[in-house]
Amino acid sequence: MSEEKHHIVPYRVYIIVLLALLALTFASIGITSIELGEYTVAGALIFACIKSFLVLTYFMHLKYDKKYIRAMVVFVFVIFVVMIVITFLDYLYR
Amino acid sequence: MQTAHSANEANYLTYKGKYKGLLGWIFSTDHKRIGLLYLYSILTMFSVGVLLGLAMKFELLAPGKTIMEAQTYNSAFTVHGVIMIFMVVIPGLPAVFGNIMLPIMIGAKDVAFPKLNLLSWWLYVLGVILVLAALMFGSGAPDTGWTFYAPYSFKSGTNLLPAVFGAFVLGFSSILTGLNFLVTIHRLRCPGMKWTKMPLFVWTLYGTAWIQLLATPVVGITLVLVALERMFGIGVFDPALGGDPVLYQHLFWIYSHPAVYVMILPAMGAISEIIPTFSQKQIFGYKAIIASTMAIAFVGYLVWGHHMFTAGMSGTAQYYFSLLTFIVAIPSAIKVFNWISTMYKGSINVQTPLYWAASFVFVFLIGGLSGLVLGALATDIYVHDTAFVVAHFHYIVFGGTGFAFFAAAHYWFPKIYGRMYDKGWANTGWLVFFIGFLALYTPMFYLGMMGMPRRYYDYLDEFHSGNILSTFGSWIMVTGLVIIVVNLVRSARKGEPAEMNPWHSKTLEWTVSSPPPVENFDELPVIAEDDGPYNYK
Amino acid sequence: MENNANGEHVHYDAEASKIGMWLFIFTELLLFGGLFLIYSVYRFKNPEAFHLAAEELNTSIGALNTVLLLISSMTIAMSTTTLLLKKKGATLGLLAITIIIGIVFLVNKYFEWGVKFDHGIWPGSEHLLNDFSQGEILFFGLYFVMTGLHALHIIIGLAIIVAAIIRIRKGTVHENRAALLENAGLYWHLVDLIWIFLFPLFYLIT
């Protein structure tokens, strides 16, 4: 099974990603300590989404994997979001 | 390599592995042996479920108490539902015929993770034991219905915890089977077996596996929450603590609606193999069937709310769910048209599997159309929780999946056991079963429309005649079942040796000997560039 | 594809293992997805109570645990690189660091839960049922279930990493057969991914 090719990710990439993640964490703590009212959750979730994008892309190697794995991940997240939206068709209008 | 070679000469039923006798089966990682393990365990549970169903029908032979008390009846329909849904119909076609046939159909030697496959079966057994423990020990068999609706599921004094955990474990087994199939289909297709050349049964298993993978965990966590609610009172679904029982129903049906597609998709796949074989013709609209399979799998994920029209959802949600429910009917109808068009001008070879397949199309049609009655908001409010619903889903789940299961069993039987069954008895069994089925469930449509509610051990006098017919039907149907099973069991041991390809089918499993050798293929088959689906040389 | 004496396959397909792990991760995501769905519905219905109840949680411990998990994610990601570069010692070292951080996370969690228990807050406790509003009861119910389930996944993740360490030491996981380590990494990142959402939803909505 020699045909498999490994993309060796340099340490530098991981360190940069970690620093970015830490910066985003502290930024989200900072942002939410400001009184933003109903936008607090939205703000926190946007930061969480960016962070999870970084984890998926670099730590979980999606950037270097075959495209169909990426497509599956996107599909699963879409299904989940659609599930929440549909449930809220009930709770928003009840 | 010498040992491997001699192992290849024996077929999968007779070879000797590391263990002998029964151990050689329950520790075997051979996908065909695991498939048979599933077959025997599922048939065992099926007969338990059938006996419970018979008992319920007997209770309904006359108004008032006939043979059991109300509480016994409540437990009977709960356990009947849990067994039939979680242990029989959901694993039914994928775990039995999927396991046995999928790797051969795509030209592989086994599934991607054989040990995981064996683990799935062990988890299945563990789940079964847990649920049966709920029956026999503790404070009485569960009485919530198979849906475990909150808040009754944590108020009921019956022994519900093991049943809930059992359902969770069965779900886990189902997830692992789905995972295994997905990786197998992605990685182990033989050279040249492109996606657009795979048999339709494989395609439906692919769609099914995605549903198993993405829907089952939702019910898993929901059942865990019910268990935690019972043990600690976390309040998540308890209206007394601020929880919303309707949210339980949402989560439950987010899984359990797609689960009916786990039941029906592989059934449709098996029918899509059988009809062209016995019409001696190419399947009509190969790509349309694939597209409709994937469409059903996807849209089926988004329509769960039609089980909850009377639960107090918002009007917006009701309109949405009703609309999408009608949309799911379209791909299902496409398939029916494809099957009929395949038979049109075919040279029809009338054999037992075709009887089953044709009657499948008939009962599936009635079941599907009665589903539209339930998917429409106004009529659903009228027939919700009546015998009409029971008739509808038995037409789909038993008439659909059950008929397809027997169709597949009679179709692949000579391949699996290397012997042919007695065709006369098989046809007789089918006819008796079919008549019994119609007599059992058709009156329930009428009874439901007249207003007879489901899940009661008693009814008003005006419903008596319909119930008598239905109960008689149950006896006829079970007679048919006995004929079928006895014939198959007898033939598995003493039937005439079967040829390699008795039905002149086109798929790869018919190119290996019957029963198949241990590793399926000595040399992996290669599909040529210009071969189409069902046209391998 | 080769066969051993029992007719079983002895083949190695790194991509199959990887897809298998991803598919398993999908089921885990939807397992937590169900809980996030419940969370979002109840938060929508009880915004004030969730706000109030979140004040009870200690943001500093939450933030500390976030930082720890992110660092451990980097160390385990790096261990794949070192393994592929054939630096066995460095790989084992990075994995050991990952495990230690995971254990520290659990210890923090233990103390965090302990403080809640000291205050008389646990699922079904009298203090919770009598002195809190329904929305707050739901918040704490979800808090214990979700962080508890997450902690359980940390323990499973640690077990997988230990298995990877044993295999690396035995030499059955190496630069040409790295699938087990890569899957351990994927699973650990999943745990991280879930925490990335749990942290703001429970600690940062005050």
Side-chain angles (χ1 to χ4, degrees), chain A residues 1-11 13-15 17-22 24-26 28-29 31-33 35 38 40-41 43-52 54-56 58-62 65-66 68-69 72-73 75-77 79-81 83-84 87-88 90-92 94, chain C residues 11-15 18-19 22-23 25-27 29-30 33-34 36-38 40-41 43-45 47 50-51 59-60 62-63 66-67 70-71 73-78 80-82 84-85 175-179 182 185-186 188-190 192-194 196-201 203-206:
Chain A
M1 294 290 160
S2 52
E3 83 262 26
E4 63 168 297
K5 276 174 290 189
H6 267 112
H7 182 96
I8 301 184
V9 187
Y11 304 124
V13 173
Y14 288 134
I15 293 171
V17 171
L18 175 67
L19 291 176
L21 287 169
L22 292 176
L24 285 165
T25 306
F26 290 115
S28 68
I29 297 173
I31 271 285
T32 47
S33 60
E35 198 59 52
E38 43 192 281
T40 315
V41 180
L45 279 181
I46 288 171
F47 278 101
C49 287
I50 301 172
K51 281 162 74 180
S52 54
L54 288 177
V55 171
L56 284 164
Y58 293 98
F59 283 175
M60 297 174 95
H61 294 174
L62 278 185
D65 275 333
K66 289 191 177 154
Y68 74 94
I69 301 185
M72 285 179 182
V73 175
F75 172 72
V76 169
F77 276 94
I79 276 267
F80 176 61
V81 170
M83 200 169 92
I84 289 195
T87 312
F88 269 85
D90 179 8
Y91 286 93
L92 276 177
R94 208 187 264 177
Chain C
H11 77 271
Y12 173 73
D13 181 351
E15 192 168 333
K18 189 192 284 170
I19 309 171
W22 268 109
L23 294 174
I25 284 174
F26 294 160
T27 74
L29 283 174
L30 277 144
F36 280 115
L37 178 64
I38 297 173
S40 59
V41 167
R43 198 196 131 71
F44 171 74
K45 291 180 82 172
F50 270 50
H51 192 95
T59 312
S60 332
T66 311
V67 171
L70 290 173
I71 294 173
S73 262
M74 185 196 70
T75 52
I76 199 165
M78 274 187 177
T80 318
T81 301
T82 53
L84 296 178
L85 295 174
E175 67 277 4
N176 292 325
R177 291 188 76 132
E182 288 181 341
L186 281 177
W188 193 254
H189 297 311
L190 162 81
D192 190 20
L193 207 58
I194 291 163
I196 285 177
F197 283 93
L198 284 182
F199 171 61
L201 288 179
Y203 296 84
L204 292 186
I205 55 164
T206 51

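Chain identifiers are assigned alphabetically (A, B, ...) following the order of the sequence lines, protein sequences preceding nucleic acid strands; residue numbering begins at 1 within each chain.
Neither the backbone nor the side chain of A/Y58 comes within contact range of chain C, judged by heavy atoms closer than 4.5 Å. In this structure, chain C has heavy atoms under 4.5 Å from both the backbone and the side chain of A/L92. Both the backbone and the side chain of A/S28 come within less than 4.5 Å of a heavy atom in chain C. For C/L70, the parts sitting under 4.5 Å from any heavy atom of chain A are the backbone and the side chain alike. Only the side chain of C/F199 comes within contact range of chain A, with heavy atoms under 4.5 Å apart. Both the backbone and the side chain of A/I29 come within contact range of chain C, each with at least one heavy atom under 4.5 Å from a heavy atom of that chain. Proximity to chain A (any heavy atom under 4.5 Å) is shown, for C/I76, by neither the backbone nor the side chain. Contacts between C/T66 and chain A at a heavy-atom distance below 4.5 Å involve the side chain alone, from C-beta outward. Looking at C/L193, the atoms closer than 4.5 Å to chain A (heavy atoms on both sides) all sit in the side chain, from C-beta outward. With a 4.5 Å cut-off on non-hydrogen atoms, A/L62 touches chain C through its side chain but not through its backbone. Contacts of C/I19 with chain A are made by side-chain atoms alone, with heavy-atom separations under 4.5 Å and no backbone atom involved. Residue C/T75: no heavy atom, backbone or side chain, is found under 4.5 Å from chain A. For A/D90, no part lies under 4.5 angstrom from a heavy atom of chain C. Residue A/V13 does not touch chain C at all, counting heavy-atom pairs closer than 4.5 Å.
For the pair C/F26/A/M72, a side-chain contact is recorded, criterion being any heavy-atom separation below 4.5 Å from C-beta on. In this structure the side chain of A/V17 never reaches within 4.5 angstrom of the side chain of C/M74, judged on heavy atoms. Side chains of C/L186 and A/H61 form no contact here, defined as non-hydrogen atoms less than 4.5 Å apart. Using a 4.5 Å cut-off on side-chain heavy atoms (C-beta onward), A/T32 and C/Y203 make no contact.
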As a quick check of understanding, evaluate side-chain contact (heavy atoms from CB on, under 4.5 Å) for C/L204 and A/T40, giving each step before the final call. CA-CA 8 Å; C/L204 292 186; A/T40 315; over 6 Å; no

Do C/H189 and A/L56 pass the side-chain contact (heavy atoms from CB on, under 4.5 Å) test, and can you show the C-alpha distance, the side-chain angles, and the key distance before you say yes or no? CA-CA 8 Å; C/H189 297 311; A/L56 284 164; over 6 Å; no

Do C/K18 and A/K66 pass the side-chain contact (heavy atoms from CB on, under 4.5 Å) test, and can you show the C-alpha distance, the side-chain angles, and the key distance before you say yes or no? CA-CA 11 Å; C/K18 189 192 284 170; A/K66 289 191 177 154; over 6 Å; no

I'd like to know whether C/S40 forms a side-chain contact (heavy atoms from CB on, under 4.5 Å) with A/F88, so could you lay out the CA-CA distance, the side-chain angles of the two residues, the decisive distance to 0.1 Å, and finally the verdict. CA-CA 9 Å; C/S40 59; A/F88 269 85; 3.5 Å; yes

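Distance check, rounded to the nearest 0.5 Å: CG of A/L24 to CD1 of C/I196 gives 9.5 Å. Here CD1 of A/I8 is found 9.5 Å from CD of C/E175. Values are rounded to the nearest 0.5 Å.
Most heavy-atom pairs under 4.5 Å with chain A: of the set C/V41, C/T82, C/L85, C/I25, this distinction falls to C/V41. Between chain C and the residues A/I79, A/T25, A/V73, the largest count of heavy-atom pairs under 4.5 Å involves A/V73. For the options C/G185, C/S73, C/P47, C/G34, heavy-atom pairs under 4.5 Å to chain A are most numerous at C/S73.
The minimum heavy-atom distance linking C/L37 with A/M83 is given by the pair CD2-CE, 4.3 Å. Nearest approach of C/F36 to A/F80, heavy atoms of both residues: CB-CZ, 4.0 Å.
A search for side-chain contact (heavy atoms from CB on, under 4.5 Å) contacts involving A/I31 returns A/L36, A/F47, not counting sequence neighbours.
A donor-acceptor pair under 3.5 Å is formed between the side chain of C/T81 and the backbone N or O of A/V9.
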